[in-house]
Every structure is written in C-alpha cells, then in structure tokens.
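Worksheet for the structure shown next.
Indexing begins at 1, ligand by ligand and atom by atom, following the structure's order. Please read all numbers here as calculations on a predicted model, not as lab measurements.
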Amino acid sequence: MCCDLKRRFLLLYATQKGQAKAIAEEIWQQAGAHGLEADMHCISETDKYNLETEKDPVVIVISTTGTGDPPDTAHKFVKKIQDVTLPPDYFAHLQYGLLGLGDSEYTFFCNGGKTVDRRLQELGAQHFYDTGLADDCVGLELVVDPWIDGLWLALKEAFLLQNKREGMSSDAVASLSATPHVEHDLNLSSEVQNLKLEDERERSSDVLTEKRVDIHLVASARDKEPSLVHSVPPVSQSALSIPVLPPEFIEVDFQGTHGENPHLSSLISEGTTFEVPVTKAVQLTREDAIKTTLLLELDIADTDFDYQPGDALCVQCPNNVSEVEELLRILGLSEKGEHFVCVKVKQGTKKKGAAHPQHIPERSTLKFILTWCLEIRAIPKKAFLRALVECTSDAGEKRRLQELCSRQGASDYTRFIRDSNVCLLDLLHAFPSCKPSLNLLIEHLPKLQARSYSVSSSNLYQPGKLCFVFNIVEFPACPARPVSWKGVCTGWLSELVAPLLHSSETRLGTKRGCSLTEKISIFARPNNTFHLPADPSVPFMMIGPGTGISPFIGFLQHRQKLREEHTDWEFGETWLFFGCRHQDQDYLFKQLERFLENGTLTHLKVCFSRDSSTAEVAPPKYVQDVIRLYPKEVVRVLLKERGYFYVCGDKKHMADGVSDAVVDILSMEMEVDKLEAMKNLAVLREEKRYLQDVWS
Ligand code: FAD
C-alpha cells in the first residue's frame, strides 16, 4: 500500500509493569498490516502529542495500579485532564477508543482506565469504539484479543467519518475502506497457510513424523487428556492462526569477566534506594501453623528513609539461585554466568520505538541480569511463546507451542499456562528442544519487580527502626513442576534471615544485638491516604486479619506515643478486628492486649476460624462476621462521628466480605435498600473515610 494513503491514529499507553505497553506494541504491529500507522507514545511523553489539537482517532491502553490508581506514568496526564476549570467541550473534537487493564480481584477494577474514560467523556470526547476492560484475574487476552480484532473496523469507520467531515476525495476514501481488509486477510491466511504447510512437511518427513508420533503416542498412552505438551482434537487437527512473530530488537555481546556490576539502585526508577541491615527476625507463628509468618526489623537510623504508619516499603529481591543456575544450564550458558554482557538495541530492528529496556544495565554479568533484572517466573505471554516456536527444533514441540499461542488453542493456553502458573523454566523442561537466545529472554521477560510490604512500626515509637511482616508464600508441586517453590521475595528473605531465627534464644524469639552482615535494598512506597486521621479526636475502626494486622501495629504504636507525649489532647476511640486460624498457632501479635490495657486500643475483637468451640452458639469465624455483631457502633463511628474505617490484608476473600458486611449494616441501620447502602459506602470511599490496603 502506498505510504501516503496510510492513515495515522494516535496510540497512547500508560503502563506500570509493561503490560499496557506490550499490548500497545501489539496494536502498533498489527496496524501496519491493516494499512494504518499507529503514532505510538507513552502517555507521559506529552511533548510528543497534543490532545488539544489532535484530529485523528486516539487509542488509549491504560492499566491500573495500587488501589485503583492510574499507573505512575499517567499521573501528570490524569492531573491535567482533571483540572476542574476545563470547559465541558474541551475535547469535543476528540474521537477515542480505550482499553483498560485491571484485576477484578481488586475492589477498584480497571479504575485507572475508567477514570480517564469518564473524564474524557465529561470533556466532550466521543468513543469511536466501545471501551474494553480486560481482567488479569481471568486472562487479559480474553478481552484484549477480540478488542484489538474489532478495533480495525471501528478505526476504518472513524476514518470514513473523518473523511466525510473533511471532504476527502472519494477515491482516497474507497482505498481506505478496501485495502486494509485485503491486507489483513492476506496476512492472516498466509500465517494459516504456513502452518498447514508446516504440518504437511512434518507429515511427509520421516524423521519429523517419527518424533511427532513419538510424543503423541507416549502422551496418548499415558492419557487421552490434553496437557501442556499434548493436544487433542480439535486443536491438534486445526489450521492455526498464530500471532505475528514479534521482531527482535535486542543484541547481546558477550565479553570477558573483568569489571563490576552496576549498583542495585540503578535498576530502580521509583525512588531512592537504601541498603539497610536486618537487625531482628521473629517468627510470629508456631511451627505447626499452616503458614509461616515472619517479622523483620530493619535499621534505618543511618538513612533518610522517611515513612508514616500506613506507608509501605519495597524490597528489591533476587531470583532463586538454583533456578538461575538451571536456566543457564538449559540455555547452554553455564560457563558464561560470570561473563559481562553488553546489551544494545539491534541495528535496523523493525520494532517500532525499540528502546533499551530501562531495567537492563548496558553492561553487567549474565548472572546479574538473570538474578536481579528479569522476572524469570513470569507467566510467558503468547508473543513470547510465538517467539519460542522459532527456537524449537523438534517438530512436535514446535506445533504444540504454536497451538498454545494460537487463537484455536486459547483455552489450552489459559488452562495449561496461565492457570497453571507455568514459567519459562517449566516450558524449557516440557519442551527440551526449545533453546531460546539471551536476547529473546531480555525482550520478553518482564522486569523483576520489587515486592511491597506494609510498614508495621512507628518512627515515633521506634526511631531508626522499621518493621514489616510477611507470610512465606509457598507453591506446592504440580503436574508442570515436580518440586514445591517458595515466593521469590519471601522465599529469599526467609533463607536470608534464617541465621537470625535459628540462633534465637526462645522458640519465637531472636538473638538480640545480632544483625546480618548482608544488607537488603529497600525504597519507600508512600500511601497517600492510608494514614491515621489527621484529627486524633476522630474515632476509627481497623480491620486486619492475618498479616493485614501489620500497618495497624504501626498505627497503635504511633498512637501510644502521641498519647504519652500529648496528655492534653483528646483521642477518639479505636477499634481493632483481628482474625487468624488458631489462637495458639498464628495469633501474630499477642501484645495487642497491652495496647488494650494502656488504653491505646479501646476495643479489640478477635476470632479464630479453625478453632473448635464447645459454646452453644458457635463464635464468629471471620472478621466480617464479627463486624456484623456491632452494627450500631459501625454506624455511629462512620456516620454520626464521621470516623474512619481501615481494611488491610487479603483482597480475595476478606476485603469483599468486609465491605458486604458494612453494606448490610448500613442498609439495616439506616433502613434503606441495599443499593442505597452501597451508594453510602461509595461516598465514604470518596471521602477517603473507608480505606483499603489490600493485596493477594
Ligand atoms: P511471588 O513469587 O511474587 O508469588 C506471589 C504470587 O504469584 C502468588 O500469590 C500467585 O498469584 C503468583 N504465583 C507465582 N507462582 C505461582 C505458582 N507456582 N503457583 C501459584 N501461584 C503463583 N504481603 C505480606 O505478606 N505482608 C504485607 O504487609 C504486604 N503488604 C503489601 C502492600 C502492598 C501495597 C502490596 C501491593 C503488596 C503487599 N504484600 C504484602 C504482598 C507482597 O508484596 C508480595 O506479593 C508477597 O510477599 C509475595 O511475594 P513473593 O515474591 O514471595 O511471591
């Protein structure tokens, strides 16, 4: 197609962990095949686009982070469009389509996208295509793939409308309406054609056929069910439509072993990092508890690390050493682990806007990259599988990888990759002839993210110290992986502090005055809202089962100190609802009783979900059940006294249960229907008096 007929649209992405960017890149890539040109930019690059004068259609891909916030890269943009002085027709000239990414396990699903969408509408912008909201909980691709498929027709119609408005010549209009589709069909059918041919080649080649049959015979002898490596009809017999092969854009150059790795802080763009010693490690749970919970104390006295109770810190963690070794072995790079690697953007790459990934140093050792930079346990995306097809020599394995990234194999992908939490190593074990190059790993594996933890201390109460509490995450063995795993960060931390724990004087204690020589890298993750009320006379309720108790220990320590220092201040009442499985196994902070005794805490309500009871009426099991016992108090604190309600901990089961309980209480006590009660809760959220800090 002639270049001058290529129609442009503006493509903006706002990404936190790279997913929105990857999807925007997919759109950019497909645009070419549809005779269109996507002018793609990160939403933060406001010098490269101008929505105030934009005439072409705009496509926005935006994710959600934290508790319903837009990604950091969109903050400036969101602030700008939220300016209340903007007139309602400010964006009346704008036509846009928006794809929001989120996770429905969080209360404010896709709120980043919804916020931008709502505001653009308020400012007069019009949809040329319905908004898509993709859910990471069930698989982004379930919405993303069909949304992208439908985008091209919607764009074509938007262009036709635009042409009509601009009075463009009918010839040009006609070429627009016809050409992209022809190209698209050709492109897709050539992919399908290729795969059919490849199948036929496999069948006509003795060697390849043998291998293929081998795999399938073995698999079918074992079971007739599909698995990660084995498919059944119709997928196994389908012609496949697979994604376009993503262009390579990274070049690596292996060098000698001389030099020094960059400082870990250079990998972090979110703030200043501090290297601090762990001065104390306490196991808060008994050995026979189902989960192991640890409290770590860090010495931050010699740093400028600043926090308020309610804030979180981020811990930079490495990948597991033996997984890195195993990866090196499979890639045939064991000898090169200590060699320095220069990473550059490949000259002449076809990837649009190809840039050096910020989380990869220009020069560092191979082990450094695999240990500190890449999330090697990430679930491989379909584009990665597509790229892995090219590095796989066995025909049967190749076909299965093609199936897993194809449209026809979508449910196999969900079942055997996504829902099974399969990672690169699992794939390389399952498909032994797959030998990807290092550059492919750098191109497709996401950044190894620092893990967040709520601060569990007060800088007033323990100056120079910072505590946090975590459960050691454990993943049991499964069909794709015969050994059990621990979480990347919690597994690493638990091994790191083992000497401190093992030298403890008491079962749950720690050896005092001893700290690790090894330091950990942390940086602050302030929370804008989850803080103690500015006015100490205002009452508040805290709901924190399990490790959700963590920030409230900081709240209570802070409050205790304030009470000691300001005897003339008025302090509102405080409630804490805590729950765990067993009173004698995982009641994390028995010292809560002390806060109660000294008056810092006015009411402490606890429940134990797995303890048996001989009482005639069974006691409540979960915090949400306990809250239901205090409807009048909840309404008084929240509505009459305009107090605060804080919820912290497990987002999956607890947070929704708590908000359901509050809705029921509001409905009952205010004598309104459920919808009205929900509206009331929404107002409380708006006023930042119903606050959540939840995680999985
Ligand atoms: P990871 O290796 O990252 O694994 C964790 C998740 O990955 C699992 O939950 C699961 O969804 C998925 N996963 C990976 N592999 C598998 C597999 N094989 N099978 C099944 N699932 C798999 N946590 C606390 O304990 N205490 C806190 O105070 C705390 N505060 C937080 C505050 C904030 C603001 C946020 C965002 C999170 C907080 N978290 C807290 C959660 C914490 O950041 C980490 O997510 C958690 O500790 C797990 O990290 P990890 O690296 O050990 O596990």
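Residue contacts with ligand 1, taken as heavy atom pairs separated by less than 4.0 Å, involve Phe470 via backbone and side-chain atoms alike. When non-hydrogen atoms are compared, ligand 1 lies under 4.0 Å from neither the backbone nor the side chain of Asn527.
When side chains are defined from C-beta on, Leu691 does not count as touching Asn527, because their heavy atoms never get closer than 4.5 Å. The closest side-chain heavy-atom distance from His444 to Leu424 is not below 4.5 Å. Between Ser231 and Arg400, the closest side-chain pair of non-hydrogen atoms falls below 4.5 Å.
Among all non-hydrogen protein atoms, the one lying nearest atom 11 (O) of ligand 1 is Ser696 OG, 5.0 Å. For atom 53 (O) of ligand 1, the nearest non-hydrogen atom of the protein is Gly487 CA, 3.4 Å. Atom 28 (O) of ligand 1 has as its closest protein heavy atom Ser454 N, 3.1 Å. Considering only non-hydrogen protein atoms, atom 41 (C) of ligand 1 sits nearest to Trp695 CD1, 3.6 Å.
Listed by number with element, the atoms of ligand 1 under 4.0 Å from a non-hydrogen atom of Arg481 are 18 (N). Near Asn471, meaning under 4.0 Å from any of its heavy atoms, are these atoms of ligand 1: 25 (O). Interface of Thr490 with ligand 1, defined as ligand atoms under 4.0 Å from a residue heavy atom, comprises 47 (O), 50 (P), 52 (O).
Across all non-hydrogen atoms, the minimal contact from Leu385 to Cys405 is CB-CB, 3.8 Å.
Within a 6.0 Å sphere centred on CG of Asp288, other residues, nucleotides and ligands contribute more than 12 heavy atoms.
The distance criterion of under 3.5 Å between nitrogen or oxygen atoms is not met by Val473 with respect to ligand 1. Not a single N or O atom of Lys486, backbone or side chain, sits closer than 3.5 Å to an N or O atom of ligand 1. Ligand 1 has a nitrogen or oxygen under 3.5 angstrom from a nitrogen or oxygen of Cys489. Residue Val488 has at least one N or O atom closer than 3.5 Å to an N or O atom of ligand 1. In terms of polar-atom proximity, Thr547 is not counted as a contact of ligand 1, lacking any N or O under 3.5 Å from an N or O of the ligand. For the pair Asp693 and ligand 1, the shortest N or O to N or O distance does not fall below 3.5 Å. Considering backbone and side-chain N/O atoms, Arg451 comes within less than 3.5 Å of an N/O atom of ligand 1. Considering backbone and side-chain N/O of Asn421, one or more are found under 3.5 Å from N/O of ligand 1.
Judged by the shortest distance from any of its heavy atoms, Tyr453 lies inside the 4.0 Å radius around the atoms of ligand 1.
Asn261 and Thr365 are linked by a side-chain donor-acceptor pair at a separation below 3.5 angstrom, with hydrogens and angles left out of the test. Under the 3.5 Å distance criterion, with hydrogens and angles disregarded, no donor-acceptor pair is assigned to the side chains of Thr371 and Asn319. Using modelled atom types, one finds a donor on one side chain and an acceptor on the other under 3.5 Å when comparing Glu275 with His263. There is a side-chain donor-acceptor pair under 3.5 Å between Glu326 and His429.
Distance check for atom 26 (N) of ligand 1: a protein heavy atom is found below 4.0 Å. There is a protein heavy atom less than 4.0 angstrom from atom 4 (O) of ligand 1.
With Arg525, Lys291, Glu375 as candidates, the residue nearest to atom 36 (C) of ligand 1 on a non-hydrogen basis is Arg525. Closest to atom 8 (C) of ligand 1 by heavy atom, among Trp492, Phe475, Phe468, is Phe475. The heavy atom nearest to atom 31 (C) of ligand 1, out of those in Ser452, Cys478, Gly544, is found in Ser452.
If you look at Phe552 and Phe578, their ring centroids are not closer than 6.0 Å.
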Indicate every side-chain donor-acceptor pair of residues 459-470 with a distance under 3.5 Å to a residue at least two apart or in another chain.
| from | atom 1 | to | atom 2 | distance (Å) |
| --- | --- | --- | --- | --- |
| Asn459 | ND2 | Tyr307 | O | 2.6 |
| Gln462 | NE2 | Gln557 | OE1 | 3.2 |

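For Tyr622, there are no ring pair (Phe, Tyr, Trp, His ring centres under 6.0 Å) partners at least two apart in sequence or on another chain.
The cationic group of Arg451 does not satisfy the cation-pi geometry with Trp492, failing either the under 6.0 Å distance to the six-membered ring centre or the 45° limit from the ring axis.
Using a 4.0 Å cut-off between a side-chain N of Lys or Arg and a carboxylate O of Asp or Glu, Arg377 and Glu323 qualify as a salt bridge.
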